[in-house]
Amino acid sequence: MSAHPPSQSRPPLPVPATTPILGLPVHMTNLQLAAEVAEAMIRTDQRGYFCHVDARSVLAAHDEPTVHAAMSGATLVCPDGMPMVWLGRRRGHDVARTYGPDFMELLFERTGAWTDRPCRHFLFGSTPQILADLVASLRRRAPGAEIAGTLSPRFGEWTVDEVAEHRRIINDSGADVVWVALGAPRQDLWMHENRAHLKAPLLVGVGAAFAFLAGTVRQAPPAIRRSGFEWLFRLVTEPRRLGGRYAATVPRFAALVLMEELRRAST
């Protein structure tokens with residue numbers, strides 16, 4: 001039996017329209033609308049998961065059918081990167097960046113303000129130190145939010161028994177929301193594979209949000225994040241880790257999207 005009894009009526013979720021980007025349906029949403037969908041899912045026990053996608057995620061879905069299936073199966077595929085926002089607006093959609101760290105902070109604040117019932121959050125992924133710093137940071141940012149538990153799984157591939165133990169710990173916590181920071185596309189595959197085994201209504205993949213909100217990794221200022229040049233800021237601050245990734249991602253993504261737009265214009 002679910003730890004979160006469903007309400008007698010389940011109104012349809014306010015899920016926005018999608019537009020295909022390299023074959024992946026990306027929802028034309030924004031932070032506030034995504035938070036409304038999340039709260040409705042939690043309150044009515046409608047189970048699903050959110051993926052936050054950028055250019056690298058979209059390319060992974062383009063190249064790997066298993067990744068495409070995991071991401072396209074999400075309740076919301078949120079436009080985490082500005083290229084998704086620009087493409088959506090070019091196609092006539094009212095869309096804004098749904099950045100993982102901002103969404104996480106917003107949902108903690110909104111659910112922390114609930115007065116009729118608690119909303120319990122579980123943090124899955126990253127390192128023990130980052131998790132400890134993140135818990136302290138979230139309690140400052142959203143003092144009314146309830147953290148049900150944390151789990152830092154070991155690096156590398158997990159055994160069947162380890163996966164089962166992860167599920168047991170998360171389910172025993174009574175969580176309503178499970179925040180997953182395993183990096184894309186691993187977190188998206190994990191949510192897709194484990195969705196049926198977890199009681200929490202909502203799973204959310206947020207990648208580097210744990211390190212950003214914990215203060216371990218420096219975020220770009222808001223103006224730079226809105227400009228679309230966050231990738232350049234991150235490249236300057238983490239050149240060794242991100243240089244090769246961006247060199248492999250940016251030109252190929254731009255070329256494929258250009259071809260997609262030309263095909264759309266010719267039909």
Side-chain angles (χ1 to χ4, degrees), residues 14-16 26-42 48-58 71 74-89 93-114 119 121-126 130-131 133-145 147 176-184 187-188 191 202-234 237-238:
V15 175
V26 178
H27 287 89
M28 298 290 95
T29 189
N30 57 57
L31 285 170
Q32 297 297 329
L33 179 53
E36 290 174 14
V37 175
E39 289 186 271
M41 291 173 67
I42 297 164
Y49 59 97
F50 290 5
C51 296
H52 284 81
V53 300
D54 57 11
R56 184 166 168 260
S57 302
V58 172
M71 291 182 178
T75 308
L76 282 186
V77 181
C78 299
D80 188 272
M82 284 305 297
M84 272 50 73
V85 174
W86 293 332
L87 281 168
R89 290 174 179 171
H93 296 281
D94 182 13
V95 57
R97 188 183 186 194
T98 312
Y99 181 52
D102 288 346
F103 175 74
M104 185 174 181
E105 186 172 12
L106 176 63
L107 194 61
F108 261 84
E109 291 173 352
R110 288 177 65 139
T111 58
W114 288 4
C119 178
H121 299 261
F122 193 97
L123 309 174
F124 179 65
S126 198
I130 288 177
L131 285 174
D133 293 341
L134 177 61
V135 168
S137 173
L138 289 170
R139 284 177 173 157
R140 289 193 302 270
R141 296 167 188 260
I147 297 175
D176 297 287
V177 186
V178 181
W179 299 95
V180 187
L182 301 174
Q187 64 197 17
D188 308 289
M191 291 189 294
L202 178 61
L203 319 177
V204 188
V206 286
F210 283 20
F212 285 141
L213 295 179
T216 306
V217 176
R218 185 183 174 194
Q219 283 197 84
I224 293 179
R225 299 204 299 266
R226 289 192 297 268
S227 74
F229 285 98
E230 183 184 10
W231 66 271
L232 182 58
F233 177 91
R234 294 190 65 188
T237 56
E238 300 181 83

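Heads up: numbering here begins at 1 and tracks the sequence. In this text the structure is predicted, and so the values were computed from the model without any measurement. Excluded from the calculations below are hydrogen atoms, water molecules and symmetry mates; all remaining heavy atoms, backbone and side chain alike, are included.
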Taking all atoms of both residues into account, what is the closest heavy-atom pair of Pro16 and Leu76, and its distance? CD-CD2, 3.7 Å
Taking side chain to side chain donor-acceptor pair (under 3.5 Å) as the definition, give me every residue that meets it alongside Tyr99, ordered by chain and number, with sequence neighbours left out. Gln219, Glu230
Do Leu202 and Leu107 have side-chain heavy atoms sitting under 4.5 Å apart? yes
Looking at Ser137 and Ala214, what are the two nearest heavy atoms and their distance? CB-CA, 4.4 Å
Of all pairs that satisfy salt bridge (charged side-chain N to carboxylate O under 4.0 Å, His left out), the ones with a partner from residues 205-215, not counting sequence neighbours: none
Do you know the tightest heavy-atom contact between Leu182 and Gly125? CD2-CA, 4.0 Å
For Arg139, enumerate each residue passing the salt bridge (charged side-chain N to carboxylate O under 4.0 Å, His left out) test, keeping only those at least two apart in sequence or located in another chain. none
Using side chain to side chain contact (heavy atoms under 4.5 Å, CB included) as the criterion, list what pairs up with Ala40, not counting sequence neighbours. Leu13
Between Leu213 and Pro101, the two heavy atoms sitting closest are CD1-O, 3.8 Å
Find the distance between CZ (Arg141) and CD (Glu109) and round it off to the nearest 0.5 Å. 8.5 Å
State the CD-CG distance between Gln187 and Leu203, to the nearest 0.5 angstrom. 11.0 Å
Check whether any side-chain heavy atom of Cys78 lies under 4.5 Å from a side-chain heavy atom of Leu31, and answer yes or no. no
Output all residues satisfying ring pair (Phe, Tyr, Trp, His ring centres under 6.0 Å) with Phe50, sequence neighbours left out; order by chain, then residue number. Phe103
Under the side chain to side chain donor-acceptor pair (under 3.5 Å) rule, collect the residues that match up with His121, sequence neighbours excluded. Thr111, Trp179
Side chain proximity check, Met71 to Val26, heavy atoms < 4.5 angstrom: no
Is the shortest heavy-atom distance from the side chain of His52 to the side chain of Val204 under 4.5 Å? yes
For Asp133, give me all partners under salt bridge (charged side-chain N to carboxylate O under 4.0 Å, His left out), at least two apart in sequence or on another chain. none
Could you tell me which residues satisfy side chain to side chain donor-acceptor pair (under 3.5 Å) with Ser126, sequence neighbours excluded, listed by chain and number? none
Can you name the residues that form a side chain to side chain donor-acceptor pair (under 3.5 Å) with Glu39, not counting sequence neighbours? Arg110, Trp114
Taking the side chain as every heavy atom from C-beta outward, state whether Arg89 and Val95 have any atom pair closer than 4.5 Å. yes
From CG (Asn30) to CG (Asp94), nearest 0.5 Å: 7.0 Å
Which residues pass the side chain to side chain contact (heavy atoms under 4.5 Å, CB included) test with Ala181, sequence neighbours left out? Phe210
Tightest non-hydrogen contact, residues Met104 and Leu138, listed as CE-CD1, 4.1 Å
Just so I know, are the side chains of Tyr49 and Asp188 near enough to count as touching, which here means a heavy-atom distance under 4.5 Å? no
Side-chain heavy atoms of Val53 within contact of Asp80, under 4.5 Å: no
What pair of heavy atoms forms the shortest contact from Met84 to Ala55, and how long is it? CE-N, 3.5 Å
Roughly how far apart are Thr98 OG1 and Leu33 CG, rounded to 0.5 Å? 8.0 Å
Do Ile147 and Phe108 make a side-chain contact, defined as non-hydrogen atoms from C-beta onward lying under 4.5 Å apart? yes
Leu106 vs Gln32, test: side chain to side chain contact (heavy atoms under 4.5 Å, CB included). Steps then yes/no. CA-CA 8 Å; Leu106 176 63; Gln32 297 297 329; 3.9 Å; yes
